[in-house]
**Student:** 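The structure is given below, and queries will be raised subsequently.
These numbers come from the heavy atoms of this one structure, side chains and all, not from hydrogens, waters or symmetry mates. Below, chain A is the first sequence line, B the second, and so on; all start at residue 1.
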Amino acid sequence: MSIFSKFEASTVEKKWYEYWLENKHFASTPDERPAYSIVIPPPNVTGILHMGHMLNLSLQDILIRRARMQGYNACWVPGTDHASIATEAKVVARLKEQGIDKNDLSREDFLKHAWDWTEEYGGLILEQLKKLGASCDWDRTKFTLDEDMSESVIQVFVDLFNKGLIYRGYRMVNWDPEAQTTLSDEEVIFEEKPGFLYHIAYELDGVKEPLVIATTRPETIFGDTAICIHPEDPRFEHLKGEKVKVPIANRWIPIIEDTYVEIEFGTGCLKVTPAHDINDKVLGEKHNLEVIDIFNADATLNAHGLHYESQDRFVVRKAVAKELDGLGVLIKKEEYTHKVGISERTKAVIEPRLSDQWFLKMEKLAEPAIKAVLDSEEVALVPAKFKNTYRHWMENIRDWNISRQLWWGQQIPAYYFSNKPEDFVVAPSAEKALELARMKSENPDLKETDLRQDNDVLDTWFSSWLWPISVFDGIRNPENAEINYYYPTQDLVTGPDILFFWVARMIISGYEFRNEKPFSKVYLTGLVRDKQGRKMSKQLGNSPDALKLIHDFGADAVRVGLMLSSAAGNDLLFDESLCQQGKNFSNKIWNAYRLIDGWEVDDTREHSLVNKEALLWYAQKFQQSLTLINDHFEKYRISDAMMTSYKLIWDDFCSWLLEAIKPAYGDPIDGQTYREVRGLFQENLKLLHPFMPFLTEELWQDMETRTPEEALIVSSWPQVDEFDKKLIERFEEATSIIGGIRNFRKEKELGYKESLALQVIGSSEEIPFESLIQKMGQLSGVNYIDSAPEKSGGSFRANNLEFFIPLEGKIDFEKERLKLEEELKYAKGFLVSVQKKLSNERFVSNAPDLVLANERKKEADALEKIEVIEKSLAAL
RNA sequence: GGGCGCUUAGCUCAGUUGGUUCAGAGCACUUGGUUUACACCCAAGGGGUCGGGGGUUCGAAUCCCUCAGCGCCCACCA
């Protein structure tokens, strides 16, 4: 017999994981069964497993394992994402440590370093995932920069370009000075930051008072090309058409008028810097202003910054303020909180910047994706509350900036054949590009060396938005058997933070390239937070080490812990005690097995009525729970499914069934009970397997010698069958009588070993599960009497039945009387409220019959109860 | 600034269409219990005027209004 304890959990896990791999239980190829596929949200190739992953991946594994048991051809495709900005930033940082500057390397050399890094750390996260028990088809592992994946991306780019949906534009974009690339709007997070509102005086021509403007960014005065006032602001009526001098720069700039300016804000005057603010750019275009770009790529100032050239913008901000103060033109500096754009990846403050970028037109593309989620519900978001967020974003969707000034990623397949920016062709390969370039330039002598490929790479999401299609090679090879079999996938499990980055775009690409949804359900998890509700972060140090958790508690326990309180869309307040609870549950199951497995069997022993009834009841209870669990799964209420299984095993199976059939110490068990309870235990293991794969497989295999085909992982999910609801109710009546007896013992301070005689008063029929009650209540006998006996003892009520237990000389009459009077008072009060309701004519005429009948029953029951209590009181 | 959502026991949350079984679960807590599968355990028990106020209704945790607090998404206010 094997032992499943904390000391051996990891060896048991390793044993079964290897067993599943060896026997190809995770592998899937198309066959005649219906497919059930999930594509993993590819983690960053250089990432490490954190709690968010654990939650997502546990959910996916639970879904895929259950589907596998349900007879689907289950296929979970794993993989990783090249995460261009994040990975490139890490590689640049590592090179820096080695004294190498990225700018001194050629593109090819840099990519070599990046691939070295990827091979060194890449896939580490996938290894960690295995520790959790993830049953992915590892032979299918994909990486977004694999050759076939990249080819798909390039093919899609060319296709969209040829459809006229991709264009190149000179636009204000989000510039990350740290990574030195642009970002899409979704990659910019706005945060409230304390700052200052500087009031600066600009000298006016002539003798008039200087004009005071308010700005949060004094360093941008070098890029000022106008001052804007509101045309109807009476304070500035006399300034229309005038010019002012920019301090320090000493340039003269015009005063323009525009209703964009808010009279109430600041001083009512706005300095206009078209190169560095999106609003100013709009104003600039409207008023034909000069554009002066004052920054270098790393957000230091360029020559326009005069003596501040090469200094960082934040250093310059302070220095400029000081200089302005020295000049006597810094009128005021007030504290001011404003929103600042931060790079999602590098956390650098974003600089709005004008530059040439590639864009994808989104409006038309988004249409089918809007319908699919909001109208036809072909794609369901779980929970549905995210539909609103989705709608809002999709209906206001903006063109997607898909180019990044990085090297790690798919290089944009645009080839320039002259110095003019409009002289380019888009092609899947250099050869094809040359051909096209010769045609477009009408120069047949053009050589491949005359072509220059665009330096930029594509946004990482431009590869991952194809993920559900490209992992099955459905872009390059749209008719292949795999894509037609596995696509569309069933469930996608991910966080709502990437609803727009990724989920929405996958739905868009699904309809564009397959004319079909990529998945039917999107299960959106919440964020994993600590128990104080704070986000988990490295800085706070509140993020538990995922692998250490698995090591300390066991993978099953961690999975259970995660499922115990994580409804879809709700944040999970994680605490290690959840894992402890999971571990306690593992221990409980293990011990139940030890009990069953340790019994000595005697086939000559009688199959008692108690055992027979308890087994029959549990079979019903199991069915009831199974129905509930299936329903929870269908509604993606995974934690409810988990909790229902938990209670079934712990309360019903262990506390009731096993306690009921357990033979006295040292006694053997009858053969029939033994076989039946083992059968029921096996069914329990099936239910638990998706949640706790290792422990269940261990016990399953320990019970009997099994062939690989008989492994639990590929066994069948229990069949739903009809069950006797009435029997379950009768059993519950019995358990509440047992509860009454136990409570009685406790109140009367009687030991649990002391046998008691139970008397049922005035009941015309036998109490349910009488022999069970006798055994569990530790009774010497049960008899039925007409009225409360006159001798000393105590009484209690359960299920509207009155019970009496004789206790010679052990009863405190006064205490008993007070208790009964309390009960009587409550029953009378209850009766009054029911009768009040029943005497209300409008209630009687309006309420449905069922409700009315119930109230009448309540009244009758209350009357009966009062009578019983009064009798007992009289007997005292 | 616009939109959406939340507020139920000490904690985390269930509560379908207002009405049988509606005030629940798990954990935590209190009390009693260890040669008898499991103290990582067993048994019993306490605990909430369902955020405040108003309204609709015979009847409201559930529908409407309002106030307060919290959260999320979107947005170009210097």
Side-chain angles (χ1 to χ4, degrees), chain A residues 5-6 172 185 190 197-198 213-217 220 228 260-262 264-273 277-283 336 338-339 352 383 385-393 396 496-497 499-500 527 531 533 557 564-567 569-573 575 577-578 580-599 635 637 639-640 642-644 646-647 650 654-655 658-659 662 664-667 729 732 738-740 742-747 749 751-752 837 840-848 850-855 857-858:
Chain A
S5 71
K6 66 177 175 180
M172 182 74 67
D185 294 334
F190 285 91
L197 196 55
Y198 301 86
I213 59 92
T215 180
T216 54
R217 306 195 55 190
T220 62
C228 189
Y260 165 74
V261 177
E262 272 189 42
E264 304 300 321
F265 190 88
T267 60
C269 293
L270 171 72
K271 73 187 210 44
V272 185
T273 320
D277 186 280
I278 180 72
N279 305 300
D280 292 15
K281 192 210 167 208
V282 173
L283 273 178
Y336 182 70
H338 61 302
K339 293 212 167 168
K385 69 177 177 185
F386 285 106
K387 279 166 78 173
N388 285 323
T389 321
Y390 182 87
R391 168 186 289 116
H392 191 267
W393 191 76
N396 297 287
D497 49 332
L499 185 59
F500 306 131
L527 247 50
K531 65 174 166 182
L564 278 172
S565 84
S566 53
N570 280 11
D571 286 355
L572 167 68
L573 270 58
D575 183 37
S577 66
L578 289 171
Q580 185 59 48
Q581 197 183 341
K583 195 169 144 188
N584 293 353
F585 187 44
S586 299
N587 184 61
K588 185 75 185 174
I589 297 165
W590 165 245
N591 276 297
Y593 176 67
R594 241 185 37 173
L595 174 70
I596 295 169
D597 203 52
W599 276 327
K635 293 179 176 137
R637 303 167 81 148
S639 48
D640 288 338
M642 171 70 228
M643 186 47 76
T644 306
Y646 180 93
K647 286 193 280 194
W650 200 306
C654 294
S655 297
L658 291 185
E659 291 300 330
K662 192 161 80 175
Y665 181 60
D667 282 0
E729 281 167 16
E732 274 158 14
I738 295 164
R742 287 169 172 174
N743 189 20
F744 182 89
R745 278 183 197 277
K746 172 119 186 182
E747 275 187 8
E749 293 175 351
Y752 71 100
K837 210 185 250 185
N840 181 339
E841 265 177 49
R842 291 206 280 178
F843 171 75
V844 177
S845 54
N846 286 325
L850 197 65
V851 175
L852 205 56
N854 187 253
E855 289 302 316
K857 185 172 185 301
K858 275 189 196 169

**Student:** Just wondering, do A:Val272 and A:Cys228 contact through their side chains at under 4.5 Å, heavy atoms?
**Tutor:** yes

**Student:** Just to be sure I understand the rule, does A:Glu659 reach a base, reach only the sugar-phosphate, or reach nothing, if contact means heavy atoms closer than 4.0 Å?
**Tutor:** base

**Student:** Under 4.0 angstrom, heavy atoms only, what part of the nucleic acid is A:Asn570 near: base, sugar-phosphate, or nothing?
**Tutor:** sugar-phosphate

**Student:** For a quick check of understanding: with a heavy-atom distance under 4.0 Å over all strands, which category does A:Cys654 fall into, base, sugar-phosphate or nothing?
**Tutor:** base

**Student:** Return the value, rounded to whole Å, for the distance between atom CD of A:Gln581 and atom C1' of B:G26.
**Tutor:** 6 Å

**Student:** Whole angstrom is fine here: how far is it from CG in A:Leu658 over to C1' in B:C41?
**Tutor:**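 Atom-to-atom, A:Leu658 to B:C41, this comes out as 14 Å.
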
**Student:** Nearest whole Å is fine: how far is B:C41 C1' from A:Asn587 CG?
**Tutor:**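 Between C1' of B:C41 and CG of A:Asn587: 9 Å.
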
**Student:** With A:Lys271, which of A:Asp280, A:Asp277, A:Thr220 fulfils side chain to side chain donor-acceptor pair (under 3.5 Å)?
**Tutor:**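 When A:Asp280, A:Asp277, A:Thr220 are each tested with A:Lys271, the side chain to side chain donor-acceptor pair (under 3.5 Å) holds only for A:Thr220.
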
**Student:** Go along nucleotides 70-78 of chain B 5' to 3' and tag each nucleotide: B for a protein heavy atom under 4.0 Å from its base, S when only backbone or sugar atoms are that close, - otherwise.
**Tutor:** ---SSBBBB

**Student:** Pick base, sugar-phosphate or nothing for A:Trp599, based on heavy-atom distances below 4.0 Å to the nucleic acid.
**Tutor:**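 If one applies the 4.0 Å heavy-atom cut-off, A:Trp599 turns out to touch nothing in the nucleic acid.
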
**Student:** Heavy atoms only, 4.0 Å cut-off, all strands: where does A:Ser577 land among base, sugar-phosphate and nothing?
**Tutor:**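 Counting heavy atoms under 4.0 Å across all strands, no contact is made by A:Ser577.
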
**Student:** CD of A:Gln580 versus C1' of B:G26: gap in Å, rounded?
**Tutor:**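 Between C1' of B:G26 and CD of A:Gln580: 15 Å.
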
**Student:** So, A:Asn591 side chain and A:Asn587 main chain: donor-acceptor pair closer than 3.5 Å or not?
**Tutor:** yes

**Student:** With a 3.5 Å cut-off and heavy atoms only, can you find an N or O donor on one side and an acceptor on the other between the side chain of A:Lys588 and the base of B:C38?
**Tutor:** yes

**Student:** In whole Å, what is the span from the CG atom of A:Asn584 to the P atom of B:G26?
**Tutor:**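 It is 15 Å, rounded to the nearest whole Å.
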
**Student:** By nearest nucleotide on RNA chain B, pick out whichever of A:Arg742 and A:Tyr646 is the more 5' one.
**Tutor:**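 On the 5' side of the pair lies A:Tyr646.
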
**Student:** Quick check: closest heavy atoms across A:Leu578 and A:Leu572, and the distance to 0.1 Å?
**Tutor:** CD1-CD1, 4.5 Å

**Student:** How is A:Lys281 classified with respect to the nucleic acid when contacts are heavy atoms under 4.0 Å: base, sugar-phosphate, or nothing?
**Tutor:**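 Here A:Lys281 touches no strand at all.
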
**Student:** Quick one: A:Lys647 NZ to B:C13 C1', roughly how many Å, whole number?
**Tutor:** 12 Å

